[in-house]
Amino acid sequence: MSAPGDLGWVAYPPEGWEEISVMDERNTPMRTYQVCNVMEAYQNNWLRTSWIPRDGAHRIYIEIKFTLRDCNSLPGVPGTCKETFNIYYYESNNNNLWYIKESQYIKIDTIAADESFTQVDVGDRVMKLNTEVRDIGSLTKKGFYLAFQDVGACIALVSVRVYYKKCPLTIRNLAEFPDRVTEGDSSLVEVRGSCVNNSEEYDVPKMHCSADGGWLVPIGRCVCKPGYEEKRDACQPCRPGFYKASSMDAYCMKCPPHSYSHQESSSQCTCEKSYFRAETDPRAMPCTRPPTAPENPISTTNETSITLEWSPPRDSGGRNDIMYNIRCKRCVGDPRKCSLCGNGLHFIPHQFGLTYTKVLVTNLLPHTNYTFDLEALNGVSELSPSPKQYVSINVTTSQAAEAAVNVMLKERKSKDSITLAWQGPDHANGVIVEYEVIYYEKNQKDQNYTVLKTKSNSMTVDGLKPGTIYVFRVRAHTSGGHGTYGGEIELETSQEDMLAIGDPNQPTIMAVSVAGGIVLLIFLVTCFVVSGRHCGYIKAKQDPDEEKMQFHHGQVRLPGSRTYVHPHTYEDPNQAVRDFAKEIDASCIRIERVIGAGEFGEVCSGRLKLPGKREIYVAIKSLKAGYSEKQRRDFLSEASIMGQFDNPNIIRLEGVVTKCKPVMIITEYMENGSLDSFLRKRDGQFTVIQLVGMLRGIASGMKYLSDMNYIHRDLAARNILVNSNFVCKVSDFGLSRVLEDDPEAAYTTRGGKIPIRWTAPEAIAYRKFTSASDVWSYGIVMWEVMSYGERPYWEMSNQDVIKAIDEGYRLPAPMDCPAVLHQLMLDCWQKARGDRPKFGQIVNILDKLIRNPSCLKTLANDAACRSGNSLQDPCTPDSSAITTVDEWLDGIKMGQYKENFASAGYATLDTVVYINSSDLCRIGVTLVGHQKRILWSIQNLHTMASQMHGTHIQV
Ligand code: AMP
């Protein structure tokens, strides 16, 4: 407030303060109030300002400039002379007080002159001023008066400045903060900002107005809306040809290839004609188009099964998520009169959404022409209105050799009836319509035989002669025709009526002889007959808990499900080999090179050419010379186990050579060797879908094994083999060697070797090996696959692993691992084995993920960051404040590559998002570990940006 004229302040008493005009040192006239009644005692002179409005301020500052005479410098003044004066205030809503009532006034302070007492030399008009500032807080009324009390000093009040402080209008983080008057006390006042034009709140923008008028502690921010970018505290539109898809992106980016934007402020670029963008494609990805048709289809017919193979399309459309669908037509006579094949066919692994270029089709009708249309699809195929391109292949099936039905005795009720039961053929040529039972009295075949028909898997044959031997055979009648008769079974009716077999006190019914039957079934009969006494076979490996009952209330297991037979159940293990493995003539095998070393000798690759069959590549395991009989048995046990399996995800046994030396086991050849080393060699090179495809294969193989009641006990990536199409197959089925041979297996305190890191806690603690413990190992295999062959639990000791698992620790998600997959691993690692999923459920889950790849987008490490799960891997460094490439590299401790990035032209974060490992090699990041760390972090930058929430990261 400046009042060069009459101020009109009230002075009391009249002989006290006086308003005087003087000249300042620059000869400018100015008003002062003076008092100098130093010669008289008991002075009490008041000077009161006019009413000062508070103006919303809570704290008021008063700056006083004054001169004050030193009493000593005044000649002859009495001791009552003072060198101070007092300052008061009085709050009031009225501005028309004309008197001073002393008692109403509150004292602010007593004011003394500073260090120098002013000598006023009026002649030279030199004045030295004291300046004092006082403040009063917590004012509430509309205004106030100030008052100066002189008690006998010689004072000239030269200036009184009354003011308050405010934080001025400002823009911070794209939010505008208005003028704000400070608070009376020293606290910070939170002020909410409002987003500038074309921006939106990312996180509520706030700042704090301090008592002395400064803005402090900005929190939150606004971000430019899609189509706008930040420039000089404002949001400017993107230029044509540029776009900004998300408010999380910092800058407008050039439209990616095959897209354009004609308008300003575009939030996305439109794809050129015939190009598309899938919903989950990042906006920065070029537009892509559907692939051309698959090429070079070939088929291999095996009776009523067909293997179709093809090459990938010439043009992938710019994407790497190619899948294949197969459509089947059945053509009778005129190729134009084809009908769809219907549901009866079985496609292995699937009919639709195939990721590999090969499929096996079974259950075809014999002597039928089929046309298969193979089409390739990618993530944008569904968006294109043009018809999908496909290639067709015509195939004709041949006659199928219907598998035989083998009969077995179930029970005999009386002296004139026998009840038979059988399993359906393993490979029926279609739906089984009925079974035919043929029987005759032994040695009377030529005279009389009877044929009976039934739709069921058992039959009671009545009207038989007591004490007579009958011969029975059964065949299946399918939609594809009649199968062959299975082996004969000879059964003798009793002389007297009997109770059901199985009662150990009853005389045993003998299966007198079996011609050409499958030993498995006869074995079951024998076993059933003698159950309750001594079964004659040893359950050396399989756990009794896990055995599915082969006989359930006296019934045979349902047809179609088979049970694994342990080779030790044979008193003569060579018989098991003969039953389950085909003897191959050594002259059909050509050994080419050594590819590995097994426990019993070398593993070689080579070729097998069986008469009338196509030459195939095989792996040949040979038993080294000088073996003991036990070693030979153990070596061949792998073949008698493997030979019982027939599944695309289980390593296939071609046969054995036992009749000459060296003894050999011949299996299909898996070009890419074992999965762990394969993944380590190809670190980071597969899409998540490809990895899930591999996991699906392994789970499917394990489902097959668990359905057969086979417990693997050593499931690990090193025991999975990979072929040239990246199909994974479970291997390693030896007996003693299963664990003895495994370099990972360690002796436990209870004896026995166990691969600790892969094994469920109950199997380590008390050798409780079950399919559920295989599921635990499968979870570890998932982790190995998703981490590209990383060693589970890294360098932790086995003891530490056991302890950590017991305390509830579980492996964290590997980098880039989708959250759903890590969750599945955690489910496999449930402490209670009953809580773990079954392999069938795992296969279903993985199938769903393959069908809906968007479920794989959320990465476990992001989820962990958000949930703050302490068991997870440490999260990536907080990137919330990262805006430059240098800050980012420092943040992930890769600062040593700043120059490499800068000189390669990666100046801004948006340019690094699509870097891949070969780019990193090119710019000089050659260490794989460093590449991994950088690519991992890029992936995080990318997903965070595309999720449009959770951080300010600008890419
Ligand atoms: P194994 O004795 O089964 O553990 O085999 C020893 C090594 O030989 C494996 O680690 C593989 O590298 C290789 N091998 C075994 N079987 C095959 C196969 N069928 N195809 C390719 N390589 C194999």
Side-chain angles (χ1 to χ4, degrees), residues 356 358 567 577 581-582 584 588-608 610 615-625 627 631-657 662-682 694 697-698 701-702 705 710 712-745 753-755 758 777 781 784-785 789 791:
Y356 306 116
K358 187 173 179 180
V577 179
K582 185 167 70 185
I584 291 178
C588 301
I589 301 165
R590 200 163 85 217
I591 296 178
E592 287 177 335
R593 62 191 176 89
V594 178
I595 53 169
E599 189 199 1
F600 296 96
E602 284 168 344
V603 183
C604 298
S605 65
R607 294 170 203 226
L608 170 69
L610 291 173
E615 184 176 70
I616 56 168
Y617 287 98
V618 287
I620 303 146
K621 282 188 189 175
S622 43
L623 178 61
K624 58 186 169 234
Y627 52 83
Q631 282 174 321
R632 181 178 188 276
R633 256 199 332 263
D634 286 348
F635 174 71
L636 287 173
S637 69
E638 180 166 23
S640 37
I641 295 171
M642 223 189 295
Q644 298 182 48
F645 305 140
D646 177 16
N647 180 275
N649 294 105
I650 305 290
I651 194 84
R652 192 180 69 250
L653 176 73
E654 297 295 342
V656 290
V657 176
V663 174
M664 292 186 265
I665 298 178
I666 318 296
T667 61
E668 65 180 306
Y669 179 54
M670 302 293 282
E671 294 80 349
N672 281 307
S674 53
L675 178 60
D676 60 336
S677 50
F678 167 71
L679 288 172
R680 276 179 217 129
K681 270 184 258 160
R682 306 229 184 176
M694 295 179 201
I698 301 166
M702 289 307 297
L705 293 181
Y710 179 81
H712 191 290
R713 297 183 178 215
D714 197 10
L715 178 58
R718 63 184 169 280
N719 290 332
I720 304 291
L721 292 170
V722 187
N723 74 8
S724 57
N725 289 327
F726 306 150
V727 176
C728 291
K729 307 199 180 198
V730 181
S731 81
D732 231 46
F733 298 103
L735 277 185
S736 71
R737 60 184 294 273
V738 165
L739 299 176
E740 303 300 327
D741 173 34
D742 188 337
E744 283 293 348
K753 271 178 114 183
I754 288 179
W758 282 262
S777 312
V781 173
E784 291 183 277
V785 169
R791 180 171 166 73

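Ligands are counted one by one from 1 in listed order, and the atoms in each one are counted from 1 as well.
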J.: Do F600 and Q631 come within less than 4.5 Å of each other through their side chains, counting heavy atoms only?
T.: yes

J.: Listed by chain and number, what are the ring pair (Phe, Tyr, Trp, His ring centres under 6.0 Å) partners of Y669, not counting sequence neighbours?
T.: none

J.: Closer than 3.5 angstrom, by distance alone: can the side chain of E784 be matched with the main-chain N or O of A717 as a donor-acceptor pair?
T.: yes

J.: Show the atoms of ligand 1 that are less than 4.0 angstrom away from any heavy atom in V603.
T.: 5 (O), 6 (C), 8 (O), 14 (N), 15 (C)

J.: For ligand 1, is A597 a contact, meaning one of its heavy atoms is under 4.0 Å away?
T.: yes

J.: Using non-hydrogen atoms of the residue, decide whether R718 is closer than 4.0 angstrom to ligand 1.
T.: no

J.: Closer than 4.0 Å to some heavy atom of I595 - which atoms of ligand 1 meet that?
T.: 21 (C), 22 (N), 23 (C)

J.: Using only atom types and a distance under 3.5 Å, with no angle test, would you say the side chain of N649 pairs donor to acceptor with the backbone of K729?
T.: no

J.: Just which atoms of ligand 1 are under 4.0 Å from any heavy atom in K621?
T.: 1 (P), 2 (O), 3 (O)

J.: What pairs with Y356 under ring pair (Phe, Tyr, Trp, His ring centres under 6.0 Å), at least two apart in sequence or on another chain?
T.: none

J.: Can you check whether G673 has an N/O within less than 3.5 Å of an N/O in ligand 1?
T.: no

J.: Mind checking whether N719 contacts ligand 1 via backbone (N, CA, C, O), side chain (CB onward), both or neither, at a 4.0 Å heavy-atom cut-off?
T.: neither

J.: Could you list the atoms of ligand 1 found under 4.0 angstrom from a heavy atom of A619?
T.: 17 (C), 18 (C), 19 (N), 20 (N)

J.: Would N719 and L675 satisfy side-chain contact (heavy atoms from CB on, under 4.5 Å), going step by step from the backbone distance to the final call?
T.: CA-CA 7 Å; N719 290 332; L675 178 60; over 6 Å; no

J.: Only heavy atoms of T667, strictly under 4.0 Å: list the atoms of ligand 1 that pass.
T.: 19 (N)

J.: Are E668 and ligand 1 in contact, using a heavy-atom cut-off of under 4.0 Å?
T.: yes

J.: Checking the side chain of R652 only, and the main-chain atoms of E668 only, is there a donor and an acceptor separated by less than 3.5 Å?
T.: no

